[in-house]
Protein chains: 2
Amino acid sequence: MSGPRFEPVRTVRAYERIVEQVEQAIESGALSPGQRLPSERDLMGQFSVSRSTVREALRVLQARGLVRSRPGDPNGAEVLPFSPDALQKSMASLARVEGLSLGELVQFRMVLDGSANLLAARLRTAGQLAEMQAAIERMREAVTEGYDAFSAADVAFHDAVARASGNKLIQICVEVVRSIVLGLVADRLADAPDREALMRRSIRHHEEVLAAVRDGDGPLAARLARRTMYDYYAGYVPAAERPALRALLDQPNAVPE
Amino acid sequence: MSGPRFEPVRTVRAYERIVEQVEQAIESGALSPGQRLPSERDLMGQFSVSRSTVREALRVLQARGLVRSRPGDPNGAEVLPFSPDALQKSMASLARVEGLSLGELVQFRMVLDGSANLLAARLRTAGQLAEMQAAIERMREAVTEGYDAFSAADVAFHDAVARASGNKLIQICVEVVRSIVLGLVADRLADAPDREALMRRSIRHHEEVLAAVRDGDGPLAARLARRTMYDYYAGYVPAAERPALRALLDQPNAVPE
DNA sequence: CTAGTGCACTGGTCGGACCAGTAGGCTACG
DNA sequence: CGTAGCCTACTGGTCCGACCAGTGCACTAG
């Protein structure tokens, strides 16, 4: 005989309930970025828990990048606008724990950047095109200024493309993965002896990409973007991993070592 | 005159220092998954802080998915193997906060799945090919069993492809984004009146993709994979967003509404 | 009217206490 | 002698009360 079927109850920690409530309030828009939560001492009243519990909940919310709290603030914790920081932290930690190789990261960038260019070629606005042009201009100026300025302009170009793709997810992932890759190779790029030649070649490549985006030739833009990325980073990727990168290029046999 | 230049000191919370230390121990491999941290009462001794501070640090580590703690455990918190849970939480939260549309998510899946197939076509092993074949087999059987079984088999196929791509990052992102998409449309897919026809068509499409992967034709596999994804989800994406999805297909004009 | 000083907040940290679980040793019973 | 059961020594979860170091604002003294 089967009476009422009982299900195992899952004990839910008090601080988790608080996290849920606040999280939901933020996601539903009841709390919008810039607004402030009540102070911890107020919250302990509202939730009927101790301050320790409130604080543990706030720590979790803070770790997820949803709020920020500073001592001395006249109000409680501030609700933050979304930032990919938390995402980036998880992914950077993943990269270290899982031992993500530079090759995999670059490959992923090739995928994302290629697709972003494909979409940008078809969906870009005139203003976005101008931003890309301006970024290349800055890259040109920065050749003599040093690696940091060049890199910043380069980043601006790829960001403009990502925005033009019209897909926020692509935009965010581009940003996250790029920052990880740059963190891994920045010093090596900055110290490269043939730095200036590298920069000039990179600028030429970017111009080709831009031309394809301007002409609306998505597949070409994607192909060139992947090629640009490959040329720029392949030297830093262990030779054993390069074939996997070349698999994303369209004439893998035509690519010299 | 310029004496020694002083830099503003950034006050670092005690619990953050603890998080850093433990995080670094895990990432460096000094603590490996399955091992256990000392108990909270031990840690407060080792770090010379109060238990509250230790606990806040542990909450952060737990929120990042690095450790788990259960009451009654004879030892301290358990170090977890990496899981994309934290990543998924950040991204799911992002999807809600930023108002990521279903269109963007599906578009992202088209990008990832397409690239995964492109790579898989060139890098797959025979065993991975067999896994994909088996997954399609299960999809076929599941047509009569119901949506859940079918969906599970479908997921298995895409996972096999992602694994065959050889890129862990692609693998993880595929998993994360898919779970979000399925969460958004699962009920609608399950309740579709023409469900069985949808399933059969989907199987046919998967077979075509598999054939291309088997033959090593990466670009074809990628194109078919994107098309398969589009056909499966386009009906649930607002009409206004569909053109952006079709921009990823190769003959956008040939795609009927 | 302004410059300066407090005061009334904020979060960060501490220490101690109690509860509710669990695991494993110990005891008492068969 | 073996085992079923209890009991203790842990664990984390929660609460309380306290103190400190910042911050912002109102109020006061010049």
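This structure is a prediction, so every number in the text was calculated from the model and none was measured. Below, read A as the first sequence line, B as the second, and so on, with proteins coming before strands; counting in each chain starts at 1.
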Can a side chain N or O of [X] be found less than 4.0 Å away from OP1 or OP2 on [N]?
| X | N | value |
| --- | --- | --- |
| T53(A) | dG13(D) | no |
| R41(A) | dC9(C) | no |
| R51(A) | dT14(D) | no |

Report yes if some heavy atom in the side chain of R178(A) is under 4.5 Å from a heavy atom in the side chain of D159(A); otherwise report no.
yes

Value in whole Å for how far the [atom2] atom of [N] lies from [atom1] of [X]:
| X | N | atom1 | atom2 | result |
| --- | --- | --- | --- | --- |
| D42(B) | dA9(D) | CG | C1' | 14 Å |
| M44(A) | dG11(C) | CE | C1' | 14 Å |
| R59(B) | dG12(C) | CZ | P | 16 Å |
| N75(B) | dA23(C) | CG | P | 11 Å |
| I18(B) | dC14(C) | CD1 | C1' | 13 Å |
| E56(A) | dG12(D) | CD | P | 12 Å |
| D73(A) | dT10(C) | CG | P | 11 Å |
| L61(A) | dG11(C) | CG | C1' | 15 Å |

Assert: residue with more 5' nearest nucleotide on DNA chain D, out of S48(A) and G72(A), is S48(A)

Closest to the 5' end of DNA chain D, once S52(A) and R70(A) are matched to their nearest nucleotides, is S52(A)

Would a distance-only check, ignoring hydrogens and angles, find a side-chain to backbone donor-acceptor pair under 3.5 Å from T53(A) to V49(A)?
no

Exercise: identify the closest heavy-atom pair between A160(A) and E131(A)
CB-OE1, 3.9 Å

I170(B) and L112(B): which non-hydrogen atoms are nearest, and at how many Å?
CG2-O, 4.4 Å

Does R13(A) make a side-chain donor-acceptor contact with the base of dG12(D), cut-off 3.5 Å?
no

If you only use heavy atoms from C-beta on, which nucleotide in dC15(D), dG13(D), dT13(C) is closest to the side chain of R55(A)?
dT13(C)

Take a 6.0 Å sphere around NZ of K89(A) and say whether it holds more than 12 heavy atoms from other residues, nucleotides or ligands.
no

